[in-house]
Number of protein chains: 2
Amino acid sequence: METLDTTRDEDFLRLDHQICFSLHAATRAFNGVYRGALKELGLTYPQYLVLLVLWERGELPVKRIGEHLRLDSGTLSPLLKRLEAAGYVERRRSAEDERSVTARVTEDGAALREKALGVPRRIAAATGMSLEEIRDLRAQLNRLAARLDEVDPDDLTVCG
Amino acid sequence: METLDTTRDEDFLRLDHQICFSLHAATRAFNGVYRGALKELGLTYPQYLVLLVLWERGELPVKRIGEHLRLDSGTLSPLLKRLEAAGYVERRRSAEDERSVTARVTEDGAALREKALGVPRRIAAATGMSLEEIRDLRAQLNRLAARLDEVDPDDLTVCG
DNA sequence: GGCCATTCAGTTGTGCACAACTGAATTGTG
DNA sequence: CACAATTCAGTTGTGCACAACTGAATGGCC
């Protein structure tokens with residue numbers, strides 16, 4: 001039987017054996033589909049994700065948004081600035097903790113939610129998958145991401 | 001029963017219902033793990049993918065590399081230049097078709113393959129998945145990406 | 001042969017991801 | 001209280017992804 005231990009290094013190197021590549025390709029394919037669906041809203045896909053969080057949770061510090069989306073301030077700061085420039089988001093320094101900046105949607109941002117309501121259904125339809133299949137795949141991916149996030153970097157170097 | 005048709009738009013908008021986000025997060029988690037594993041080789045993950053293709057297929061036009069990796073010249077041209085600057089790849093204009101530029105690994109690039117042999121196994125181990133699970137997930141993702149790549153952009157707009 | 005559409009690689013501009021860093025605010029500890 | 005460590009948003013620099021474009025080479029068609 002073919003197992004992790006009996007498979008040769010050579011076989012592992014084949015492109016079509018790389019799950020990371022399938023993941024990468026599927027993500028980019030999704031990105032393309034979202035690009036089309038979000039075009040009329042004037043949003044990029046990461047901007048849409050940030051709005052999903054703010055629509056769902058209300059006003060949040062940048063830090064919390066980053067925890068929900070697994071993104072840091074280096075990505076979120078300019079992204080939020082662009083959302084602010086577009087008039088969908090307001091930012092202000094927290095009164096309780098002056099280090100913290102919170103973001104919340106403006107009226108325009110809230111109105112955008114109505115226009116976004118139809119997006120996920122069209123995306124889901126585009127996948128050609130049932131809700132159950134989607135849920136299963138999502139659960140698999142979440143488990144995978146959780147495990148990968150826990151990996152000790154030292155386990156990856158040649159010398160161990 | 002909950003189906004695509006009976007689920008409300010509101011429910012679709014929940015972040016934790018978005019498969020694209022799980023995909024996005026898993027991809028970025030993978031990227032982080034690869035970053036650690038490829039650090040000692042001085043490669044980024046996309047550069048590693050390009051080398052996988054060249055190791056496996058030999059000399060290829062930019063166009064063909066892009067077909068294997070679903071990338072266009074806008075991404076590949078600068079990436080190949082960096083690989084060339086690092087001494088791992090040579091580029092030259094094709095004699096048969098002067099529009100085409102082919103890339104192939106140098107001796108250093110071929111030598112790098114030996115150092116890369118252990119990478120996929122360590123990555124696979126980091127996923128905590130069996131080869132069978134990996135194969136299944138990969139197949140699911142490939143089907144998903146193929147369907148998404150076929151989507152007609154007009155099916156995604158509000159007016160249909 | 002002459003002309004036009006197509007096919008290439010490459011460039012430019014925008015945006016995301018992330019490491020490394022800065023500087024201000026806060027917290028913990030003696 | 002004082003001061004060191006931590007936490008936070010933001011900046012900078014590098015690299016990838018991709019749309020839109022340029023310009024050269026090619027191929028089809030009359």
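Here is the naming used below: chain letters follow the sequence lines, and residue numbers restart at 1 for every chain. Note that the coordinates shown come from a computational prediction; the quantities given were computed from them, not determined experimentally.
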Ignoring hydrogens and angles, tell me if any N or O in the side chain of B:R93 forms a donor-acceptor pair with the backbone of B:E98 under 3.5 Å. yes
Measure the distance from [atom1] on [X] to [atom2] on [N] and round it to the nearest whole Å.
{"X": "B:R92", "N": "C:dG10", "atom1": "CZ", "atom2": "C1'", "result": "20 Å"}
{"X": "A:E96", "N": "C:dT26", "atom1": "CD", "atom2": "C1'", "result": "13 Å"}
{"X": "A:R93", "N": "C:dT26", "atom1": "CZ", "atom2": "C1'", "result": "13 Å"}
{"X": "A:L43", "N": "C:dG15", "atom1": "CG", "atom2": "P", "result": "12 Å"}
{"X": "B:Y45", "N": "C:dA17", "atom1": "OH", "atom2": "P", "result": "16 Å"}
{"X": "B:L60", "N": "C:dA9", "atom1": "CG", "atom2": "P", "result": "11 Å"}
{"X": "A:L79", "N": "D:dT11", "atom1": "CG", "atom2": "C1'", "result": "16 Å"}

So A:W55 and A:Y48, would you call those rings parallel, tilted or perpendicular, with 30° and 60° as cut-offs? perpendicular
Could you tell me whether [X] contacts a base, only the sugar-phosphate backbone, or nothing, with contacts defined as non-hydrogen atoms closer than 4.0 Å?
{"X": "A:R64", "value": "nothing"}
{"X": "A:K39", "value": "nothing"}
{"X": "B:L71", "value": "sugar-phosphate"}
{"X": "A:L76", "value": "nothing"}

Please state whether the phosphate of [N], meaning OP1 or OP2, lies under 4.0 angstrom from any side-chain nitrogen or oxygen of [X].
{"X": "B:R28", "N": "C:dC18", "result": "yes"}
{"X": "B:K63", "N": "C:dG10", "result": "no"}
{"X": "B:R35", "N": "C:dA17", "result": "no"}
{"X": "B:R99", "N": "C:dG10", "result": "no"}

From the set D:dA25, C:dG10, D:dG10, return the single nucleotide nearest to any side-chain atom of B:D97. D:dA25
Starting at the 5' end of DNA chain D, which residue's closest nucleotide do you reach first, A:S77 or B:D72? A:S77
Could you pick out which residue, B:S73 or A:H24, lies toward the 5' side of DNA chain D when each is mapped onto its nearest nucleotide? A:H24
Heavy-atom distance under 4.5 Å between the side chains of B:L43 and B:Y34, does that happen here? no
